[in-house]
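Notes to accompany the following structure.
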Amino acid sequence: MTYLPPMDAAVAVASVEHLKARRGAFRIALIPPEVLRALNDGLLETVNLNEFMALELPQLARSVAAHIGLDPASERLADTIAMLGAFKPMQRHGHIARALYDLAALHAERDAVAHRLATHASDVARCWAAQWVTLSGLPLAAQLEAVRRFAADPHFGVREIAWMAVRDAVIGSLDESLALLQPWTADADPNIRRFASELTRPRGVWCAQIDALKTEPWRALPLIEPLRADASRYVQNSVANWLNDASKTEPEWVDRLCARWVAESDTPATRYIARRALRTLAKQA
């Protein structure tokens with residue numbers, strides 16, 4: 001297979017413009033061959049889980065490597081691809097991200113390579129770029145600044161990887177993290193506001209739990225309080241899920257907080273958050 005360099009890749013991306021408005025197939029077997037080829041060539045974003053699961057990661061990894069100026073036939077990448085079958089699906093992405101990171105570290109124009117990956121047409125490639133933040137060794141504040149572009153990404157999958165990428169760093173410096181994230185709750189972009197909430201959920205999904213916030217959720221109140229009447233349903237759901245997490249260990253605190261929020265801010269948004277936040281407690285009543 002011939003892999004396209006960055007300039008040719010940009011032309012190829014334009015050639016699949018007509019596929020971008022598609023509705024995702026309901027089954028992997030129904031994905032049109034043209035779409036699957038474009039996905040594996042790194043020319044399209046996935047639009048649903050079926051497309052994501054259908055990806056041929058070896059092909060995609062080599063395509064993306066060539067697009068960003070790395071050698072798709074390098075021994076480092078070949079070794080990673082050869083061992084992918086030994087890992088769970090999501091772990092495979094982490095190993096590919098690491099291989100690309102190691103190759104970029106040796107490149108004379110490392111920053112240009114990183115930029116091309118972070119702005120790649122493939123959402124999966126941008127997920128790999130977000131995972132580079134985890135590998136960077138940067139201080140917490142710098143990691144949050146680096147991950148911000150991915151937290152604001154238009155693709156939902158990239159936004160999920162963004163908060164996962166810095167979750168461990170946040171747990172390791174929780175008080176500093178809560179302070180650094182407070183300005184994010186006032187950002188004009190709902191994706192950024194949602195990131196601050198989702199990143200600090202006491203339990204979260206597919207990630208390490210934040211034990212300190214399971215037992216003392218009030219420590220994050222300065223972070224979630226500004227979001228109690230957020231206009232975005234995306235943010236509202238995250239805040240509600242945050243409180244629902246906390247309700248499993250501190251039910252009385254969550255109950256009192258929701259009552260106060262509704263009393264002080266009797267808006268549709270706040271009532272929606274409170275109702276969803278209390279759903280686990282409602283089932284137990």
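These numbers come from the heavy atoms of this one structure, side chains and all, not from hydrogens, waters or symmetry mates. Residue numbers start at 1 and run along the sequence shown.
Under the salt bridge (Lys or Arg N to Asp or Glu O under 4.0 Å) criterion, Asp123 pairs with no residue, sequence neighbours left out. Qualifying side-chain contact (heavy atoms from CB on, under 4.5 Å) partners for Ala208, counting only residues two or more places apart in sequence or in other chains: Asp168, Ile171. For Gln209, the side-chain hydrogen bond (donor to acceptor under 3.5 Å, both in side chains) test picks out Lys214, with sequence neighbours left out. The salt bridge (Lys or Arg N to Asp or Glu O under 4.0 Å) check on Arg276 picks up nothing, with sequence neighbours excluded.
Ring centroids of Tyr101 and Trp132 are separated by less than 6.0 Å, placing the two rings close together.
Residue Glu198 comes nearest to Ser238 through the heavy atom pair OE1-OG, 2.6 Å, listed as atom of the first residue, atom of the second, then distance. Residues Thr134 and Ala165 approach most closely at OG1-O, 2.6 Å, considering heavy atoms.
Remark: the Arg201 side chain and the Asn244 side chain contain no N/O donor-acceptor pair separated by less than 3.5 Å. For the residue pair Glu160/His155, the side-chain donor-acceptor check at 3.5 Å is not satisfied. Residues Glu225 and Trp261 bring a donor and an acceptor atom of their side chains to less than 3.5 Å of each other.
Among residues at least two apart or in separate chains, side chain to side chain donor-acceptor pair (under 3.5 Å) pairs with a member in residues 174-186 are Asp175-Arg219.
Members clustered with Met83: Phe87, by chain and number, using a 4.5 Å side-chain heavy-atom cutoff among hydrophobic residues.
In this structure, Arg193 is not positioned above the aromatic face of Tyr234 in the sense of NZ or CZ being under 6.0 Å from the six-membered ring centre and within 45° of the axis. With Phe150 as the aromatic partner, Arg159 does not meet the cation-pi criteria of under 6.0 angstrom to the ring centre and within 45 degrees of the ring axis.
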Salt bridge (Lys or Arg N to Asp or Glu O under 4.0 Å) between Glu250 and Arg256, intermediate numbers included: CA-CA 10 Å; Glu250 290 293 331; Arg256 290 195 305 270; over 6 Å; no

Could you go through Arg148 and Asp187, starting from their C-alpha distance and side-chain angles, then the distance that decides it, and tell me whether this counts as salt bridge (Lys or Arg N to Asp or Glu O under 4.0 Å)? CA-CA 11 Å; Arg148 187 183 182 96; Asp187 197 274; 2.4 Å; yes

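In this pair, His93 and Phe52 present their aromatic rings parallel. The plane angle is below 30°, not in the 30 to 60° band.
In this structure, Arg167 contributes its side chain and Leu199 its backbone to a donor-acceptor pair below 3.5 Å. With hydrogens and angles disregarded, a donor-acceptor distance shorter than 3.5 Å links the side chain of Arg116 to the backbone of Ile68.
Annotation: side chain of Ser197 is in contact with side chain of Leu227 (closest heavy-atom distance under 4.5 Å).
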